[in-house]
Amino acid sequence: MTTRYDDTAKNVLGQELQPCSLNPVTGFYRNGCCETGPHDLGLHTVCAVMTDEFLAFSRATGNDLSTPRPEFAFRGLVAGDRWCLCAGRWKEALDAGVAPPVVLEASHEEMLAVVTLGVLKDHAVA
């Protein structure tokens with residue numbers, strides 16, 4: 001069950017924002033959704049499916065998402081996991097040619113301030 005931060009949140013398609021992942025639990029608010037709000041300075045708005053290439057890129061650029069951190073109840077991500085990424089990190093990965101696939105229905109409309117819908121559709125999960 002997902003407790004929403006903003007029941008009116010829309011995805012990049014203009015529809016109701018769908019959950020990204022409850023296993024592992026993701027999102028800035030750790031409610032499974034890529035919602036954003038005034039305290040989310042990283043803009044955790046894109047629901048991405050992790051790939052080995054992206055996880056290696058993220059680790060090499062200072063954000064290790066694959067190493068378990070039990071003190072934060074974080075098991076570490078593996079390829080195939082869905083995770084709410086910061087908009088800027090996804091854009092960096094895009095520019096580096098390693099952007100992970102995007103779940104459009106679970107990506108917040110604020111992501112459109114960073115990249116166009118066309119770019120997101122080009123990287124959408126099939």
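No experiment lies behind these values; they were computed from the predicted model shown.
A distance of 12.5 Å separates OG1 of T45 from CZ of F28, quoted to the nearest 0.5 Å. With rounding to the nearest 0.5 angstrom, the OG1 atom of T67 is 10.0 Å from the CG atom of L55.
Nearest heavy-atom pair across R30 and W83 is NH2-CZ2, 3.7 Å. The two residues C86 and H44 come nearest to each other via the heavy atoms SG-NE2, 3.3 Å. What you find for E16 and K10 is that their closest heavy atoms are N-CD, 4.3 Å. Here the closest non-hydrogen pair linking V46 and M111 is CB-SD, 3.8 Å. For the pair N31 and V25, the tightest heavy-atom approach, listed with the atom from each and the gap, is N-CG1, 4.1 Å. Contact record, L112 with T116: CD2-C, 4.1 Å, taken as the closest heavy-atom pair.
Using a 4.5 Å heavy-atom threshold, the side chains of P24 and D81 count as touching. Between L104 and N11 there is no side-chain heavy-atom pair separated by less than 4.5 Å. In this structure, V49 and H123 have side chains that are not in contact, with every pair of non-hydrogen atoms separated by 4.5 Å or more.
A continuous path of ILVMFWY side-chain contacts below 4.5 Å connects F57 to L85, so both sit in one hydrophobic cluster. Linking ILVMFWY residues whenever their side-chain heavy atoms come closer than 4.5 Å, directly or via other members, leaves V103 and V115 in distinct clusters. Grouping the Ile, Leu, Val, Met, Phe, Trp and Tyr side chains by contacts below 4.5 angstrom, directly or via other members, places F74 apart from V78. Tracing side-chain contacts under 4.5 Å through hydrophobic residues (I, L, V, M, F, W, Y), one reaches V119 starting from F54; they form part of the same cluster. Note on V98: it clusters hydrophobically with L65, by side-chain heavy-atom contacts below 4.5 Å among ILVMFWY residues.
At distances below 3.5 Å, not a single donor-acceptor pair connects side-chain atoms of E110 with backbone N or O atoms of L43. Side chain of W90 to backbone of P100: a donor-acceptor contact under 3.5 angstrom is found. Distance alone, capped at 3.5 Å, is enough to place a donor-acceptor pair between the S58 side chain and the N63 backbone.
C34 has its SG atom within less than 2.5 Å of the SG atom of C84.
Checking S66 against D64 by side-chain atom types alone, a donor-acceptor pair falls below 3.5 Å. Side chain to side chain, T61 and R89 meet the donor-acceptor criterion of an N or O pair below 3.5 Å.
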Next item on the list: Walk me through it: do L17 and E35 pass the test side-chain contact (heavy atoms from CB on, under 4.5 Å)?
Entry: CA-CA 8 Å; L17 184 67; E35 295 180 283; 3.7 Å; yes
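Tested against L120 for a side-chain contact (heavy atoms from CB on, under 4.5 Å), the candidates L94, V102, L13 yield a single pass: V102.
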